[in-house]
Every structure is written in C-alpha cells, then in structure tokens.
Number of protein chains: 2
Amino acid sequence: MTKKPDGPRFRRYSSETRGAMLIEAALVCLARGGITAFTVDNICREAKASRGLITHHFGSKDALLAAVYATMYDRFTAVFDEGDRLPGAVGLIEANFDPAVFNPESLKIWLALWGEIANNEDLRAVHRQRYQDLLDQVARTLAEEAAARGKTIDARSVAVQFVALSDGVWVENGIDPTMLSREAARESCYAFLENLLGALARPAAASIAEIGGPGPSSD
Amino acid sequence: MTKKPDGPRFRRYSSETRGAMLIEAALVCLARGGITAFTVDNICREAKASRGLITHHFGSKDALLAAVYATMYDRFTAVFDEGDRLPGAVGLIEANFDPAVFNPESLKIWLALWGEIANNEDLRAVHRQRYQDLLDQVARTLAEEAAARGKTIDARSVAVQFVALSDGVWVENGIDPTMLSREAARESCYAFLENLLGALARPAAASIAEIGGPGPSSD
DNA sequence: CATCTTACGATACGGTTGTTCAACAAGGAG
DNA sequence: CTCCTTGTTGAACAACCGTATCGTAAGATG
C-alpha cells in the first residue's frame, strides 16, 4: 500500500547541468566543513545524487576540485565586470566587499582552497592564469585613477600590494570576524589607497544596504 | 644468523619529549601534503613511532593539531622577541621575512592551518589570544617609531593593516612564489610603512644573506 | 638484585575513503 | 511502437581513517 513508483525514479540532466549541480553541492560542503568535508559521499548526498556521478562527469574528485576553484574565480571576476559597478578605485574596493563575494561562506571556501593549491598542480595552474588577469585589471584601474588625479604611481606594484592586502583582510575576517570586521577591513583598503591617491568618495549607504547577508543557511 | 636483537627494541621518552617529536613530525606532514596529509598513520610513520602514541600523549588527533598550531605561533612570536633583531619598523618587517619564519614549508603549514581554524573552535580560541598579543606588539612598535619621527598615526589601525598585508603577501607567496617573490613581498611591506612613516633604512645584505633557503627537502 | 611505573608496539574495530563496474532506465530518434 | 544512446544507480572493492585496548618491556627506583 505504499505509494506506487509510477513516475521516473530519477532525472537525467546534461553532463553540463549535472556538473554545475555537483559543483554547487561541493561549494556547500567546502563552506560547511573545509577541505575535510570535500568528500564524494558528502558532495553526492548534498546534490541528492548517487556516488558514481563525480567520477562519471569529472573523471576524478581532484578534477571536480579544479572545477570548483575555477567557478570561485569566475564568480569573483564577474563582480568586477558588472556593468553598474562604481568606476575607478572606489569600485575596486566596493567590488572586493560586495556581499556576493565577501561573505562567510565564500571566505571559508577560499581559505580551504588556498590550503590545497600548494599540493595540487592543476589548481596552481588555474590560479596562475586567473591571478595574472585579475592583477592586470586592478593595475589598469589604478593607473587610470592615478592619472585622472595627476598622481604618479607604480600601478603594477600597487596592484600587487592592493590584492595582497585584500587577501590579508579576507584571511583575518574569514578566520575570526570578531577580530577584523567587514567594515574595518574595507576601511583598511580605503586607507591604503587614499595614502597613494588622495581622498576617495565612499559610496552612500546604497550599495552597503544589503549587508544583512543572505540569511541563515538552511542546514 | 641474523643480527641478534640484544639491545632495547624501542626507546622511552618523557611525555614532553615525545610530544615534541610528534609535533615536529606533524609539521613535516602538513608542509608536505596539507591538512589532508595530517593523519595518524602519516605522522607516526614520520616520527618512527607506533600509531597509539598520538592518542596516548595528546588524547586525540585534534588536540595534537591544536598543539601544532600553538607551536607555529610560538615560533613566529619568538622571532619578534629575539634580542638582536633590528629596532623599530624595520625590525618589524625583517622579522616577518626572517628565513626561520618566511620559508615555503612554514607558509604551506600556515595555509593548511588557516583552512581548518574556521572549522575548529579550539584552534580559533588559541588564535584569538595569540593574534591579539601580536597586534599589541606591532601597534606598540609602530607607535614608538611614529613618535620618534614626529608623525601621528592610528597605531592600532595601522597595525591591523600591516598584519593583514603581511598575511596577504604570505598567502600569495605561499600559493605561488613565482607570482610574488620574497623580495617583492618584503618591498611591498616597506612601501606600505614608508607611505605612513617616511623613508626606512633597509638593513645591509647582512641579514638577507641566507636567502638561499634550507636546501632541498630530503623526500 | 627485585619492583614498579608507564611509555610503547601491535592489533582489532567499525566506519569512511575514492574508484570501478555491471545492470538499469530515462528520454530522444527513427 | 522499437531501438539506442547515455546519464544514473547502487553494490562491491581495497585501502585508509581515528581510536580503544591489550600485553609488553624500558628504565628509573630502591
């Protein structure tokens, strides 16, 4: 008298779609428990799929991890490429602290990934490419801003410093937000650039309004 | 006709000594393969001890990890407390890039640990204390340097920025030294502080002589 | 020498790891 | 409808995970 299993017992997705679902589930696992929770069982349970799918669609668990890393970088640079973001150095900082990028889950994921890159040649290769592109974009923005203000800076060097400072405040906030709040982290970045470029006009509360975050995780 | 097992079959150490040996072996494993390689089997094999010893001396694997983290912090702050280090802001930077602290193995270990802190309350508690102390020391040094130069700075805020910047260049160099060399990383820190304090006198090649590193790892 | 404390080695345990594989079925093509 | 491609399942696998527990023996003590 149990419910008749009339309908399909599972759904078939394209390899691309299922891959995206597995990546999404993997991100959830990474955010929840770090690289230790990045296991086939956890991920497939989160994705409500059987355990064979990771190997089937990605070839191996490591390949999935590489795809996860690429996805994280894509999402980060996507924020920079948004058409409606603020121009110049201010936009640079605000993009760094955009809620889509700067949130507890993402920071935990970055921390977990950084710890693995040193041990995974594939991840390191992806990083090298993406980081180079990111650096170019930051340097270009800073050079333009400096030129518009009649200042002369070594844009490349400053870009490296700026990205490193961003990574640093990400680390501190990701490890323990009570030690370095999001606001203090952003203020650090402003102070750093203002020392080189002069006063920067912080945006009104408009783009800072949605600080509340994405709400409680439905765990 | 094999060699007679006359001598002792193993050696007994004090709990303190054996604990230090296990911590040392754990550090080697972390540097070699990240948190994934932090396993009872790996560590005890590295320490040439049987697998029961971690539980016996530390109670659990997690407790050993906490001890490992404390050891890393101890060694880092020990460099700051060295009597013969350079005074003021220059000493601050040079301590950060002391070969005893800034080397590929240590950076890999920090990266691996940071990824776990977010998932381990005990580690986070240790971090909170040590980080606070470190920040106090950095802020004090910066305040003195600024006062001696007649500059006024928010020492606390600058200390946070400086530590974050240090963490950031550590991350970048640890992930991929070809992207941000040790020299460029140190120069970034100098540029940052010089913007606030004025020119700093970099030390002669004396303390930079031993850059060569600890030689190839005997893997 | 005998005695005692306790660090130690070895093993067993249930659970989890990533991967392989054969049977299966969803869903489009003819 | 039948056929066929292929995404999917779930079991099976050996290797490894962290821990508990046993008897043993190192080495200090008297």
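Order of the sequence lines fixes the chain letters, A, B, ..., with proteins taken first and strands second; residue numbering starts at 1 for each chain. Values in this document were obtained by computation on a predicted structure and should not be read as measured data.
Judged as a side-chain hydrogen bond (donor to acceptor under 3.5 Å, both in side chains), and not counting sequence neighbours, D122(B) has no contacts. Scanning for side chain to side chain contact (heavy atoms under 4.5 Å, CB included) contacts around V101(A) gives F76(A), V79(A), W170(A), with sequence neighbours left out. When the side chain to side chain contact (heavy atoms under 4.5 Å, CB included) test is applied to R130(A), the partners found at least two apart in sequence or on another chain are A70(A), Y73(A), D74(A), V126(A). For E16(A), there are no side-chain hydrogen bond (donor to acceptor under 3.5 Å, both in side chains) partners two or more places apart in sequence or in a different chain. The side chain to side chain contact (heavy atoms under 4.5 Å, CB included) search around S157(A) returns D154(A), Q161(A), not counting sequence neighbours. For Q129(A), the side-chain hydrogen bond (donor to acceptor under 3.5 Å, both in side chains) criterion is met by D133(A), not counting sequence neighbours. Scanning for side-chain hydrogen bond (donor to acceptor under 3.5 Å, both in side chains) contacts around R45(A) gives N42(A), with sequence neighbours left out. Partners of A67(B) according to the side chain to side chain contact (heavy atoms under 4.5 Å, CB included) rule, which considers only residues two or more places apart in sequence or in another chain, are I23(B), F58(B).
Annotation: side chain of L193(A) is in contact with side chain of L142(A) (closest heavy-atom distance under 4.5 Å).
A heavy atom lying under 4.0 Å from DNA chain D marks none of the residues of residues 113-121 of chain A. Contacts between residues 46-58 of chain B and DNA chain D, defined by a heavy-atom separation under 4.0 Å, are made by R51(B), T55(B).
Between V169(A) and C189(A), the shortest heavy-atom contact is CG2-SG, 4.5 Å.
A straight line from CD1 of I35(B) to C1' of dG18(D) spans 14 Å, rounded to a whole angstrom. If you measure from atom CG of L22(B) to atom P of dT19(D), you get 13 Å, rounded to the nearest angstrom. In this structure, the CG atom of D62(B) is 12 Å from the C1' atom of dT19(D), given to the nearest Å. Atom P of nucleotide dC16(D) and atom CZ of F38(B) are separated by 19 Å, given to the nearest angstrom.
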Kindly list each side-chain donor-acceptor pair under 3.5 angstrom involving residues 106-115 of chain A, sequence neighbours excluded, with atom names and distances?
residue, atom, partner, partner atom, Å
S106(A), OG, N103(A), OD1, 3.1
S106(A), OG, N103(A), ND2, 3.3
K108(A), NZ, A31(A), O, 2.8
K108(A), NZ, R32(A), O, 3.4

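Among the heavy atoms of the strands lying under 4.0 Å from D41(B) are primed sugar atoms or P, OP1, OP2 only; no base atom is included. Residue S14(B) is out of contact with every strand shown, counting any heavy-atom pair closer than 4.0 Å. At the heavy-atom level, S15(A) lies nowhere under 4.0 Å from the strands shown.
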Nucleotides 26-30 of chain D: which of its N/O atoms have a protein N/O under 3.5 Å away?
residue, atom, partner, partner atom, Å
dA26(D), OP1, R9(B), N, 3.3
dA26(D), N3, R12(B), NE, 3.3
dA26(D), N3, R12(B), NH1, 2.8

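Across the interface with DNA chain D, nearest-nucleotide mapping of G59(B) and R45(B) shows R45(B) to be the residue nearer the 5′ end.
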